[in-house]
Amino acid sequence: EAGVAQSPRYKIIEKRQSVAFWCNPISGHATLYWYQQILGQGPKLLIQFQNNGVVDDSQLPKDRFSAERLKGVDSTLKIQPAKLEDSAVYLCASSLDGITDTQYFGPGTRLTVL
Amino acid sequence: GENVEQHPSTLSVQEGDSAVIKCTYSDSASNYFPWYKQELGKGPQLIIDIRSNVGEKKDQRIAVTLNKTAKHFSLHITETQPEDSAVYFCAATSSNTGRRALTFGSGTRLQVQP
(Lines give C-alpha, C1' and ligand atoms only; values in the text may rest on other atoms or scores of the structure.)
Protein backbone atom coordinates (compact mmCIF):
# COMPACT_ATOMS: atom_id res chain seq x y z
CA GLU A 1 0.00 0.00 0.00
CA ALA A 2 1.46 3.37 -1.04
CA GLY A 3 1.89 5.89 1.72
CA VAL A 4 1.13 9.60 1.87
CA ALA A 5 3.02 11.45 -0.85
CA GLN A 6 4.22 15.04 -0.54
CA SER A 7 6.10 17.39 -2.83
CA PRO A 8 8.37 19.16 -2.98
CA ARG A 9 10.57 17.69 -0.23
CA TYR A 10 12.52 20.91 0.22
CA LYS A 11 11.84 24.54 -0.63
CA ILE A 12 13.86 27.69 -0.02
CA ILE A 13 12.23 31.08 -0.61
CA GLU A 14 12.72 34.70 0.36
CA LYS A 15 10.32 36.38 2.77
CA ARG A 16 7.23 37.88 1.15
CA GLN A 17 7.34 35.28 -1.64
CA SER A 18 4.61 32.69 -2.08
CA VAL A 19 4.93 28.91 -1.93
CA ALA A 20 2.65 25.90 -2.41
CA PHE A 21 2.85 22.35 -1.13
CA TRP A 22 1.07 19.30 -2.49
CA CYS A 23 -0.21 16.18 -0.75
CA ASN A 24 -1.65 12.94 -2.07
CA PRO A 25 -3.17 10.86 0.76
CA ILE A 26 -3.40 7.10 0.99
CA SER A 27 -5.97 5.83 -1.52
CA GLY A 28 -9.45 5.77 -0.05
CA HIS A 29 -8.64 7.95 2.95
CA ALA A 30 -11.38 10.50 3.44
CA THR A 31 -9.71 12.60 6.14
CA LEU A 32 -6.64 14.73 5.41
CA TYR A 33 -4.63 16.89 7.80
CA TRP A 34 -1.93 19.51 7.39
CA TYR A 35 0.41 19.97 10.35
CA GLN A 36 3.26 22.46 10.88
CA GLN A 37 6.33 21.19 12.70
CA ILE A 38 8.79 23.84 13.86
CA LEU A 39 12.30 22.56 14.61
CA GLY A 40 12.46 20.93 18.02
CA GLN A 41 8.68 20.84 18.52
CA GLY A 42 5.82 18.44 17.94
CA PRO A 43 3.54 18.87 14.92
CA LYS A 44 0.65 21.35 15.28
CA LEU A 45 -2.55 21.14 13.26
CA LEU A 46 -3.17 23.75 10.61
CA ILE A 47 -6.28 22.32 8.92
CA GLN A 48 -8.38 19.14 8.76
CA PHE A 49 -10.49 18.09 5.75
CA GLN A 50 -13.20 15.44 5.64
CA ASN A 51 -13.52 14.62 1.94
CA ASN A 52 -13.47 18.11 0.39
CA GLY A 53 -14.99 19.94 3.37
CA VAL A 54 -13.11 21.75 6.13
CA VAL A 55 -13.65 20.27 9.61
CA ASP A 56 -11.18 22.39 11.58
CA ASP A 57 -9.13 25.38 10.46
CA SER A 58 -9.09 27.22 13.77
CA GLN A 59 -5.25 27.23 13.92
CA LEU A 60 -4.69 28.26 10.29
CA PRO A 61 -3.32 31.84 9.91
CA LYS A 62 -5.89 32.74 7.33
CA ASP A 63 -4.33 36.08 6.45
CA ARG A 64 -1.47 34.26 4.75
CA PHE A 65 -2.25 30.53 4.64
CA SER A 66 -4.84 28.82 2.47
CA ALA A 67 -5.61 25.19 1.69
CA GLU A 68 -7.93 23.34 -0.59
CA ARG A 69 -8.97 19.79 -1.37
CA LEU A 70 -11.21 20.31 -4.35
CA LYS A 71 -11.99 16.72 -5.43
CA GLY A 72 -11.69 15.14 -2.00
CA VAL A 73 -8.35 13.52 -2.82
CA ASP A 74 -5.21 15.66 -3.34
CA SER A 75 -4.67 18.82 -1.33
CA THR A 76 -2.55 21.94 -1.67
CA LEU A 77 -1.38 24.27 1.09
CA LYS A 78 -0.31 27.77 0.12
CA ILE A 79 1.53 30.52 1.98
CA GLN A 80 1.38 34.06 0.62
CA PRO A 81 3.30 36.09 1.64
CA ALA A 82 5.80 33.99 3.60
CA LYS A 83 7.40 35.22 6.82
CA LEU A 84 10.63 34.12 8.47
CA GLU A 85 8.66 32.35 11.20
CA ASP A 86 7.01 30.10 8.60
CA SER A 87 10.26 28.13 8.33
CA ALA A 88 9.21 24.64 9.37
CA VAL A 89 8.37 21.17 8.09
CA TYR A 90 4.86 20.91 6.69
CA LEU A 91 3.43 17.45 7.23
CA CYS A 92 0.42 15.95 5.54
CA ALA A 93 -1.42 13.06 7.19
CA SER A 94 -4.47 11.01 6.28
CA SER A 95 -6.85 8.64 8.00
CA LEU A 96 -9.43 6.26 6.64
CA ASP A 97 -12.56 8.10 7.67
CA GLY A 98 -13.95 10.41 10.29
CA ILE A 99 -14.20 7.53 12.76
CA THR A 100 -10.88 5.73 12.53
CA ASP A 101 -8.25 7.57 14.54
CA THR A 102 -5.02 6.23 13.08
CA GLN A 103 -3.23 8.92 11.13
CA TYR A 104 -0.49 8.15 8.63
CA PHE A 105 2.05 10.85 7.89
CA GLY A 106 3.91 11.75 4.74
CA PRO A 107 7.64 12.61 4.68
CA GLY A 108 6.96 16.35 4.91
CA THR A 109 8.15 19.43 3.05
CA ARG A 110 10.97 21.37 4.69
CA LEU A 111 10.46 25.11 4.08
CA THR A 112 13.21 27.63 4.68
CA VAL A 113 12.29 31.32 4.48
CA LEU A 114 15.28 33.66 4.13
CA GLY B 1 -8.08 22.84 24.30
CA GLU B 2 -5.86 19.85 24.93
CA ASN B 3 -2.32 20.29 26.26
CA VAL B 4 0.19 17.43 26.24
CA GLU B 5 3.44 17.55 28.20
CA GLN B 6 6.25 15.07 27.55
CA HIS B 7 9.33 14.15 29.60
CA PRO B 8 12.25 13.80 29.34
CA SER B 9 13.30 15.87 26.35
CA THR B 10 16.42 13.74 25.87
CA LEU B 11 17.21 10.21 27.00
CA SER B 12 20.42 8.28 26.57
CA VAL B 13 20.56 4.55 27.37
CA GLN B 14 22.95 1.68 26.79
CA GLU B 15 22.00 -0.95 24.26
CA GLY B 16 19.89 -3.61 25.96
CA ASP B 17 18.59 -1.29 28.67
CA SER B 18 14.98 -0.13 28.96
CA ALA B 19 13.70 3.35 28.12
CA VAL B 20 10.62 5.05 29.55
CA ILE B 21 8.98 8.22 28.22
CA LYS B 22 6.12 9.87 30.09
CA CYS B 23 3.29 12.15 28.97
CA THR B 24 0.48 13.96 30.72
CA TYR B 25 -2.64 15.42 29.12
CA SER B 26 -5.19 17.97 30.27
CA ASP B 27 -8.48 17.21 28.49
CA SER B 28 -10.48 14.48 30.22
CA ALA B 29 -12.40 13.96 26.95
CA SER B 30 -9.27 12.62 25.21
CA ASN B 31 -9.61 8.91 24.58
CA TYR B 32 -7.01 7.98 21.95
CA PHE B 33 -3.26 8.12 22.64
CA PRO B 34 -0.79 7.21 19.88
CA TRP B 35 3.00 7.21 19.99
CA TYR B 36 5.05 8.15 16.95
CA LYS B 37 8.71 7.63 16.09
CA GLN B 38 10.36 10.23 13.87
CA GLU B 39 13.72 9.64 12.25
CA LEU B 40 15.78 12.43 10.75
CA GLY B 41 14.25 13.74 7.53
CA LYS B 42 11.18 11.53 7.77
CA GLY B 43 7.58 11.94 8.82
CA PRO B 44 6.28 10.54 12.12
CA GLN B 45 5.61 6.79 12.07
CA LEU B 46 3.00 5.25 14.34
CA ILE B 47 4.56 2.63 16.62
CA ILE B 48 1.78 1.89 19.10
CA ASP B 49 -1.49 3.38 20.30
CA ILE B 50 -3.92 2.89 23.17
CA ARG B 51 -7.54 3.79 23.78
CA SER B 52 -9.10 4.88 27.03
CA ASN B 53 -10.90 1.59 27.65
CA VAL B 54 -7.56 -0.20 27.94
CA GLY B 55 -4.93 0.24 30.67
CA GLU B 56 -1.98 -1.38 28.92
CA LYS B 57 -0.98 -2.59 25.47
CA LYS B 58 2.12 -4.44 24.35
CA ASP B 59 3.71 -5.12 20.98
CA GLN B 60 6.96 -7.11 21.18
CA ARG B 61 9.53 -4.79 22.85
CA ILE B 62 7.17 -1.81 23.07
CA ALA B 63 4.43 -1.25 25.63
CA VAL B 64 2.20 1.65 26.55
CA THR B 65 0.35 2.20 29.83
CA LEU B 66 -2.51 4.59 30.47
CA ASN B 67 -3.78 6.00 33.76
CA LYS B 68 -6.97 7.93 32.98
CA THR B 69 -7.49 9.05 36.55
CA ALA B 70 -4.10 10.73 36.68
CA LYS B 71 -4.23 11.69 32.98
CA HIS B 72 -0.88 10.25 32.10
CA PHE B 73 0.46 7.62 29.75
CA SER B 74 3.90 6.16 29.22
CA LEU B 75 5.93 4.41 26.53
CA HIS B 76 8.20 1.56 27.57
CA ILE B 77 10.86 0.16 25.26
CA THR B 78 12.71 -2.91 26.48
CA GLU B 79 15.98 -4.39 25.18
CA THR B 80 16.78 -1.20 23.31
CA GLN B 81 18.76 -1.40 20.06
CA PRO B 82 20.73 1.29 18.19
CA GLU B 83 17.96 1.43 15.57
CA ASP B 84 15.58 2.63 18.28
CA SER B 85 17.48 5.93 18.29
CA ALA B 86 15.04 8.62 17.09
CA VAL B 87 12.66 11.31 18.37
CA TYR B 88 9.51 9.93 19.98
CA PHE B 89 6.26 11.89 20.25
CA CYS B 90 3.20 11.17 22.32
CA ALA B 91 -0.16 12.56 21.25
CA ALA B 92 -3.78 12.71 22.36
CA THR B 93 -7.16 13.32 20.78
CA SER B 94 -10.84 12.77 21.40
CA SER B 95 -12.91 10.52 19.16
CA ASN B 96 -16.13 12.09 20.38
CA THR B 97 -16.29 14.84 17.79
CA GLY B 98 -15.40 15.19 14.13
CA ARG B 99 -12.25 17.05 15.10
CA ARG B 100 -9.65 14.29 15.24
CA ALA B 101 -6.53 16.43 15.14
CA LEU B 102 -3.75 15.11 17.34
CA THR B 103 -2.21 17.28 20.03
CA PHE B 104 1.46 16.30 20.27
CA GLY B 105 3.97 16.48 23.07
CA SER B 106 7.27 18.26 22.52
CA GLY B 107 9.19 15.07 21.78
CA THR B 108 11.90 12.94 23.40
CA ARG B 109 15.20 12.37 21.64
CA LEU B 110 16.27 8.82 22.47
CA GLN B 111 19.86 7.82 21.89
CA VAL B 112 20.83 4.18 22.30
CA GLN B 113 24.56 3.77 22.83
CA PRO B 114 26.03 0.58 21.33
Side-chain angles (χ1 to χ4, degrees), chain A residues 1-10 21 23-26 29-51 53-60 67 88-110, chain B residues 1-10 21 23-25 27 29-54 57 59 64 66 75 86-109:
Chain A
E1 177 183 81
V4 177
Q6 291 188 245
S7 68
R9 292 296 315 277
Y10 306 92
F21 313 126
C23 172
N24 182 236
I26 294 173
H29 280 199
T31 308
L32 185 148
Y33 308 81
W34 284 101
Y35 289 85
Q36 180 192 57
Q37 185 176 25
I38 293 172
L39 187 65
Q41 299 181 17
K44 289 183 172 58
L45 180 77
L46 291 173
I47 190 167
Q48 175 190 344
F49 291 95
Q50 178 74 16
N51 295 308
V54 175
V55 175
D56 184 358
D57 64 356
S58 58
Q59 301 301 311
L60 187 73
V89 175
Y90 291 85
L91 294 162
C92 180
S94 70
S95 63
L96 184 59
D97 52 31
I99 300 173
T100 304
D101 297 305
T102 304
Q103 294 183 26
Y104 300 90
F105 283 81
T109 297
R110 179 174 296 277
Chain B
E2 176 65 277
N3 181 51
V4 177
E5 296 195 357
Q6 183 172 348
H7 299 281
S9 57
T10 60
I21 302 171
C23 290
T24 60
Y25 62 98
D27 189 350
S30 289
N31 57 5
Y32 174 65
F33 308 91
W35 286 87
Y36 284 85
K37 175 183 180 182
Q38 188 173 27
E39 297 175 316
L40 195 63
K42 297 184 179 181
Q45 178 186 11
L46 180 72
I47 56 172
I48 196 167
D49 56 12
I50 192 167
R51 299 181 189 278
S52 59
N53 58 346
V54 176
K57 184 177 179 180
D59 182 5
V64 57
L66 171 65
L75 178 71
V87 179
Y88 291 80
F89 291 96
C90 62
T93 190
S94 170
S95 302
N96 296 332
T97 70
R99 296 183 174 184
R100 300 301 174 85
L102 296 169
T103 299
F104 283 84
S106 53
T108 296
R109 182 174 299 278

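As a basis for the values below, the full set of heavy atoms in this structure was taken, side chains included, without hydrogen atoms, waters or symmetry mates. In what follows, chains are A, B, ... by sequence order, proteins preceding strands, each numbered from 1. Everything quoted here is computed from the prediction, not taken from an experiment.
Heavy atoms of A:Gln41 lying under 4.5 Å from chain B belong exclusively to its backbone. Of the two parts of B:Gln45, neither the backbone nor the side chain holds a non-hydrogen atom closer than 4.5 Å to a non-hydrogen atom of chain A. Using a 4.5 Å cut-off between heavy atoms, B:Pro44 contacts chain A through both its backbone and its side chain. Of the two parts of A:Gln59, neither the backbone nor the side chain holds a non-hydrogen atom closer than 4.5 Å to a non-hydrogen atom of chain B.
Between chain B and the residues A:Val89, A:Asp56, A:Leu91, A:Val4, the largest count of heavy-atom pairs under 4.5 Å involves A:Asp56.
In this structure, A:Tyr33 has its ring center no closer than 6.0 Å to that of A:Phe105.
Put simply, the side chain of A:Arg9 reaches to within 4.5 Å of the side chain of A:Pro107, judged on heavy atoms.
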Indicate every side-chain donor-acceptor pair of residues 101-108 of chain B with a distance under 3.5 Å to a residue at least two apart or in another chain.
unit_1	atom_1	unit_2	atom_2	d
B:Thr108	OG1	B:Gln6	NE2	3.0
B:Thr108	OG1	B:Pro8	O	2.5

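One side chain, A:Tyr35 or A:Gln103, offers a donor N or O that lies under 3.5 Å from an acceptor on the other.
Taking B:Glu5 as the reference, nothing meets the salt bridge (charged side-chain N to carboxylate O under 4.0 Å, His left out) condition, with sequence neighbours excluded.
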